[in-house]
Amino acid sequence: MLLTRQIREEKERVIASLKTRNWPEEKLSILDDIISLDDQRRKLQTSNDENLSKVNSASKQIGMLMREGKKEEAEAAKSEIASLKDVIKAAEEEMRTVNKQLTDLLLEVPNIAHSSVPAGSTDEDNEVVQDWTKDMPSLPEGALPHWELATKHNLIDFELGVKITGAGFPLFRGKGAKLERALINFFLDEAAAAGYEEIIPPLLVNEQSAMATGQLPDKEGQMYHATKDDFYLIPTAEVPITNIYRDVIVKEEEFPVKLTGHTPCFRREAGSYGAHVKGLNRVHQFDKVEIVQITKPENSYSTLDEMVKHVAQILEKLELPYRILRLCGGDIGFVSALTYDFEVFSAAQQRWLEVSSVSNFEAYQSNRLKCRYKDSNGKTQLAHTLNGSALALARIIAAVLENNQTENGIKIPAVLVPYTKFETI
RNA sequence: GGAGAAUUGGCCGAGUGGCUUAAGGCGCUCGCUUGGAAAGCGGGUAUACCUCAAAAGGGUAUCGGGGGUUCGAAUCCCUCAUUCUCCGCCA
């Protein structure tokens with residue numbers, strides 16, 4: 001979340017950002033509400049601290065009087081404090097209420113959008129910043145979409161997934177399972193070569209972790225919730241991996257923190273149905289290799305560029321046509337300041353599929369995480385957090401299968417063959 | 001799952017209701033000393049919030065988390081979490 005200080009000092013920028021995000025004009029008053037609640041909070045704390053201070057010094061007096069055996073004086077001092085205690089109790093109750101209101105409002109305000117974020121309301125308004133479509137595949141006569149290819153070659157069994165769990169839980173088998181594993185290993189090796197440390201995190205997280213990276217409270221319905229133990233199944237490795245740095249003051253020489261990890265991701269995707277979710281286009285469980293970086297603020301945008309290049313280079317090695325989009329104000333995530341989406345072209349479906357999202361959260365996430373570092377003046381500052389998919393599986397498989405189909409089967413991209421140990425399906 | 005013990009600052013560790021402003025040590029850091037270093041000596045060394053134009057200074061809170069008792073809690077009580085030991089179960 002934003003700092004109240006930011007809202008006070010950079011109010012014009014916050015308003016401009018909210019407008020880019022199509023925030024309704026009549027709800028702009030939330031900023032003044034926040035400022036006035038913060039004023040209340042300060043006033044309450046100032047007066048309450050004074051009262052607490054009085055009680056503290058009186059208690060010391062009483063202690064001394066008791067030791068000297070002056071019982072009556074001690075009793076008199078006690079009764080003097082008694083009324084103060086009621087005042088303090090009431091003030092603390094009020095502070096709790098005000099703080100809760102303040103936090104609730106702050107949670108409603110999205111991150112400040114970067115100045116390069118284009119205006120717009122839907123994904124149609126996203127800006128294509130790079131196109132790598134020089135090798136658009138030419139498919140043979142009677143080319144099939146990936147779900148038919150997968151069934152034909154016995155790679156993925158959607159019906160068994162339905163039987164075992166429900167719709168959106170595909171079962172990979174045989175060469176399908178091997179291809180999935182090959183891609184995971186390839187992605188992890190690429191990340192390792194780029195200097196990321198590999199993590200295998202827990203797949204269930206507690207409420208605090210989900211809150212710290214921003215999934216709660218605004219995306220509650222997106223996560224599977226194990227209510228008996230109050231754990232959430234992770235919707236992305238970002239959650240457990242970024243939470244490594246919750247409540248941490250990072251030493252400056254540890255920057256940049258570079259972590260990667262493969263995990264399954266679980267998303268409820270409530271309300272999704274129809275042709276656009278067919279096959280692997282949108283599922284409840286998929287594998288993903290995530291890359292996470294934590295840096296000093298002055299480096300975060302060059303880090304974002306580095307991560308974008310990393311993803312682009314992987315897609316080029318896989319020989320998949322892709323494009324990079326800069327998300328517009330209406331499409332960009334709540335916690336992100338700037339997001340680039342990667343889409344690969346799935347040739348049989350004639351559709352672009354989102355396979356990666358690379359974002360700079362600036363200090364918005366680290367404020368919730370309380371991830372800080374000491375700058376050269378010894379002052380504690382919030383770090384910047386970034387993450388990206390490198391890459392999300394399932395959809396990559398869809399594109400690999402569709403784009404590489406020939407009359408003689410599906411050709412595995414050369415870079416994957418050392419991992420699959422077979423060249424065609 | 002059952003029983004018991006524990007959790008104190010960056011680390012180790014003392015502390016069973018009030019001269020605790022958390023002793024002492026280690027580490028780190030600055031200074032003195034030295035030709036230089038080590039040793040020695042001296043100082044500094046948590047986080048958040050409030051106050052102050054800012055700095056300095058002052059205040060409040062924090063001894064695993066939350067709540068309570070008390071004029072006063074690291075210390076007593078309740079509760080949750082984690083760690084260790086033993087038992088049970090188990091890949």
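Protein chains get the first letters and strands the later ones, always in sequence-line order, with residue 1 at the start of each.
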Practice item. Please say whether the positively charged group of Lys175(A), taken as NZ for Lys or CZ for Arg, lies over the ring of Phe422(A), i.e. under 6.0 angstrom from the six-membered ring centre and within 45 degrees of the axis. Key: yes
**Study point:** Nearest-Å distance for atom pair CZ/P, residues Arg246(A) and rU47(B)
**Key:** 20 Å
Exercise for review: Could you tell me whether Ile62(A) contacts a base, only the sugar-phosphate backbone, or nothing, with contacts defined as non-hydrogen atoms closer than 4.0 Å?
Suggested key: base
Point to revise | rC86(B) - base-pair partner by Watson-Crick or wobble geometry, distances under 3.5 Å | key: rG2(B)
Check your understanding: For rA39(B), which nucleotide is its Watson-Crick or G-U wobble mate, given both distances must be under 3.5 Å?
Key -> none
Practice item. Can you figure out which of rU47(B), rC50(B), rC71(B) approaches the side chain of Arg42(A) most closely? Key: rC50(B)
Review point. Would you say the side-chain atoms of Gln365(A) and Glu238(A) include a donor-acceptor pair closer than 3.5 Å?
Key: yes
Exercise for review: Using whole Å, report how far CD of Gln45(A) lies from C1' of rG59(B).
Suggested key: 9 Å
Check your understanding: Quick one: does Asn99(A)'s side chain have a donor or acceptor within less than 3.5 Å of a partner on Met95(A)'s backbone?
Key -> yes
Review point. Between rA61(B) atom P and Leu44(A) atom CG, what is the distance in whole Å?
Key: 16 Å
Check your understanding: So which nucleotide from rG72(B), rC71(B), rU47(B) ends up closest to the side chain of Lys85(A)?
Key -> rG72(B)
Practice item. Indicate, with a heavy-atom threshold strictly under 4.0 Å, whether Ser79(A) touches base, sugar-phosphate, or nothing. Key: nothing
Practice item. Please determine, by modelled atom types, if Gln313(A) and Glu190(A) share a side-chain donor-acceptor pair under 3.5 angstrom. Key: yes
Check your understanding: Does rC26(B) have a Watson-Crick or wobble partner in any strand here, with both distances under 3.5 angstrom, and which is it?
Key -> rG10(B)
Practice item. Using a heavy-atom cut-off of under 4.0 Å over every strand shown, decide if Asn56(A) touches base, sugar-phosphate, or nothing. Key: sugar-phosphate
Review point. Lys374(A) near the nucleic acid: base, sugar-phosphate alone, or nothing, with a heavy-atom cut-off under 4.0 Å?
Key: sugar-phosphate
Revision key, fill the gap. Separation of rU70(B) atom P from Lys89(A) atom NZ, nearest Å, is 10 Å
**Study point:** Rounded interatomic separation in angstrom, taking CD from Glu50(A) and P from rU60(B)
**Key:** 11 Å
Practice item. Provide the distance between the two P atoms, one in rA3(B) and one in rG18(B), to the nearest whole Å. Key: 33 Å
Check your understanding: If you measure from the C1' atom in rG42(B) to the same atom in rC50(B), how many Å do you get, rounded?
Key -> 34 Å
Exercise for review: Take the protein atom CG of Leu3(A) and the nucleotide atom P of rC49(B), then report the distance between them rounded to whole Å.
Suggested key: 9 Å
Review point. Whole Å only: how far is the NZ atom of Lys379(A) from the C1' atom of rA46(B)?
Key: 17 Å
Study note, to complete from the structure: To the nearest angstrom, the CD-C1' distance between Glu92(A) and rC49(B) comes to 14 Å
Study note, to complete from the structure: The nucleotide from rC50(B), rG67(B), rA48(B) with an atom nearest the side chain of Arg96(A) is rG67(B)
Practice item. Would you mind checking if Glu306(A) and Lys309(A) are paired as a salt bridge, meaning a charged N to carboxylate O distance below 4.0 Å? Key: no
